[in-house]
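Model, not experiment: these values are computed from the prediction. What's counted below: heavy atoms across the whole structure, side chains too, no hydrogens, waters or symmetry copies.
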Amino acid sequence: MNFYAVRAIYKFEMARTWRTLMQSIASPVLSTSLYFIVFGSAIGSRMVAIDGVEYGAFIIPGLVMFTLLTQSISNASFGIYFPRFAGTIYELLSAPVSFVEILMGYVGAAATKSIIVGALILVTARFFVDYHIEHPIWMLSFLVLTSITFSLFGFIIGIWADGFEKLQLIPLMVVTPLAFLGGSFYSINMLPPLWQTITLFNPVVYLISGFRWSFYGVADVNVAVSLAMTALFLILCLLGVWWIFKTGYRLKT
C-alpha cells in the first residue's frame, strides 16, 4: 500500500477545501443555520414537543444528516470528476498509484470535509437551540459511517457522470427529496398508517432515525435496524467501486 500517494491525494483535496473555504465549509453551515433560525427559533417555539423533545432540538439530527448526505456526495463526485473533465486524471493514472489508493485519498478527503461541516453545524446549533447527546460514541459512529458511505456513493457518481449536469442530477432529484421525506422535520409516527408503511421504503429514514436516537434515545425504527441499513449501504457502495475497479468503467474519459 502506497500511503505516501494516499496522503498526497488527501492533502491536495483538503488544500482545495481551504482555498474555497466560503463555498466548501461556510456556505452549507450558513444555509443550515437558516433552518435553525426559522424552524428552530421562530416556528419551533410555537410547536408542541415530539416524543418529549422540543421541536427545535428534534430537527437537529435530521438537518445534520441531510447536510452530511448532500455534502459527502458533492465533495466526492466533484473531486474525481474534475480531474476527468480537465484531463489531469492521466497524470494520476500514469503514476504508480493503484485504484484503491486513489479511492482512499478522494473518499477520505470528502468524508473529512463532511465531518467538519457536520461538527460545525452542531456547534452552530447550540447558539439557537438547546440540545443534548445521550450516546456520543454512537453519534460519532453514525456521523463517520454516513460520511464514508455517501462519499463512496459520490465517487461512483463522479465516475458515472459525463457532464456537470449529471453531478447534480441524483443529489437534487433523488437524495434531497428522500431526505425531506425521511423524517428530517417530523417523526414518521405522525403520518397515517399507510404512509408510515410507504415511508419505511425510504432508505434515508433509517439513517436519520438512528442518528436521532444517538441524541435523544428516541427513534422511528429500531436502532439495530438503522445500523444494519447503514452497513448495508456501505457494502453496496463498496461493491460499486469494486466493479469500477474491475472494469475500469469510464475512469479515463
Heavy atoms of Leu172 and Pro177 approach each other most closely as O-CD, 3.3 Å
Review point. Honestly curious: do Ile73 and Leu169 fall in one hydrophobic cluster under the side-chain, below-4.5 Å linking rule?
Key: yes
Notebook entry, point to check: Do Glu101 and Ile9 pass the side chain to side chain contact (heavy atoms under 4.5 Å, CB included) test, and can you show the C-alpha distance, the side-chain angles, and the key distance before you say yes or no?
Noted result: CA-CA 9 Å; Glu101 292 156 357; Ile9 297 172; 5.7 Å; no
CD1 of Ile115 to OG1 of Thr146, rounded to nearest 0.5 Å, is 9.5 Å
Could you pull out every donor-acceptor pair under 3.5 Å between side chains of residues 106-113 and any protein atom, sequence neighbours left out?
unit_1: Thr112; atom_1: OG1; unit_2: Tyr10; atom_2: OH; d: 3.0
unit_1: Thr112; atom_1: OG1; unit_2: Gly108; atom_2: O; d: 2.7
unit_1: Lys113; atom_1: NZ; unit_2: Thr17; atom_2: OG1; d: 3.2

- Query: Taking C-beta and beyond as the side chain, do Ser209 and Val221 meet within less than 4.5 Å on heavy atoms?
  - Reply: yes
Test Val64 against Met139 for side chain to side chain contact (heavy atoms under 4.5 Å, CB included), laying out the working first. CA-CA 11 Å; Val64 173; Met139 186 278 291; over 6 Å; no
Across all chains, not counting sequence neighbours, the side chain to side chain donor-acceptor pair (under 3.5 Å) partners of Arg7 are none
The reported gap from CG in Leu103 to CZ in Phe155 (rounded to nearest 0.5 angstrom) is 5.0 Å
When rounded to the nearest 0.5 Å, the distance separating CE of Met173 from CD1 of Ile170 is 11.0 Å
In this structure, CG of Leu178 is separated from CG of Leu69 (nearest 0.5 Å) by 9.5 Å
Checklist entry - Between Val218 and Ile137, is there a shared hydrophobic cluster once you connect ILVMFWY residues whose side-chain heavy atoms come closer than 4.5 Å? => result no
Checking Thr32, Leu122, Ile208, Ile121 against Leu63 for side-chain contact (heavy atoms from CB on, under 4.5 Å), the one that qualifies is Thr32
ILVMFWY cluster, Trp243 and Trp160 together (side-chain gap under 4.5 Å): yes
**Item:** In one Ile/Leu/Val/Met/Phe/Trp/Tyr side-chain cluster, 4.5 Å: Phe233, Leu200
**Value:** yes
Residues at least two apart in sequence or cross-chain that pass ring-ring contact (aromatic ring centres under 6.0 Å, His included) with Phe58, listed by chain then number, are none
Scanning both residues in full, the closest heavy-atom pair of Gln196 with Leu191 reads NE2-O, 2.7 Å
Between Pro61 and Phe211 the two heavy atoms that sit nearest each other are O-CD2, 3.4 Å
The side chain to side chain donor-acceptor pair (under 3.5 Å) partners of Gln168 (sequence neighbours excluded) come to none
Output for pair (Ile159 CD1, Ile157 CD1), nearest 0.5 Å, gives 11.5 Å
The complete set of salt bridge (charged side-chain N to carboxylate O under 4.0 Å, His left out) pairs with one or both residues in residues 191-200, sequence neighbours excluded, reads none
Checklist line | pair Leu207-Thr149: side-chain heavy atoms closer than 4.5 Å | finding: no
According to a hydrophobic-cluster definition based on side-chain heavy atoms being under 4.5 Å apart (Ile, Leu, Val, Met, Phe, Trp, Tyr only), do Phe142 and Leu236 belong together?
yes
Is the shortest heavy-atom distance from the side chain of Glu13 to the side chain of Ile80 under 4.5 Å? no
Note: Ile156 and Cys237 closest approach over all heavy atoms is CD1-O, 3.7 Å
Residues pairing under side-chain hydrogen bond (donor to acceptor under 3.5 Å, both in side chains) where one sits in residues 121-139, two or more places apart or in two chains, turn out to be Arg126-Asp130
*asked:* Donor-acceptor pair, distance only, cut-off 3.5 Å: does the side chain of Ser77 make one with the backbone of Ser74?
replied: yes
Phe153 meets the ring-ring contact (aromatic ring centres under 6.0 Å, His included) criterion, sequence neighbours left out, with none
In terms of heavy-atom contacts, Ala125 and Ile60 come closest through CB-CD1, 4.0 Å
Salt bridge (charged side-chain N to carboxylate O under 4.0 Å, His left out) pairs touching residues 176-205, sequence neighbours excluded, are none
In short, ring pair (Phe, Tyr, Trp, His ring centres under 6.0 Å) pairs touching residues 184-209 with sequence neighbours left out are Tyr35-Phe185, Phe39-Phe185, Phe180-Phe185
Exactly one candidate in Ile198, Thr199, Thr197 meets side-chain contact (heavy atoms from CB on, under 4.5 Å) with Ile188; the answer is Thr199
The complete set of side-chain hydrogen bond (donor to acceptor under 3.5 Å, both in side chains) pairs with one or both residues in residues 228-240, sequence neighbours excluded, reads none
With sequence neighbours left out, the residues meeting side chain to side chain donor-acceptor pair (under 3.5 Å) with Ser72 are Ser114
Ser184 meets the side chain to side chain donor-acceptor pair (under 3.5 Å) criterion, sequence neighbours left out, with none
Looking only at heavy atoms, the pair that brings Gly56 and Val129 closest together is C-CG1, 3.4 Å
**Prompt:** Taking side chain as C-beta onward, heavy atoms only, is Leu145 less than 4.5 Å from Leu227?
**Reply:** yes
Handout entry: Side-chain donor/acceptor of Asp220 to backbone N/O of Ser187, under 3.5 Å
Key = no
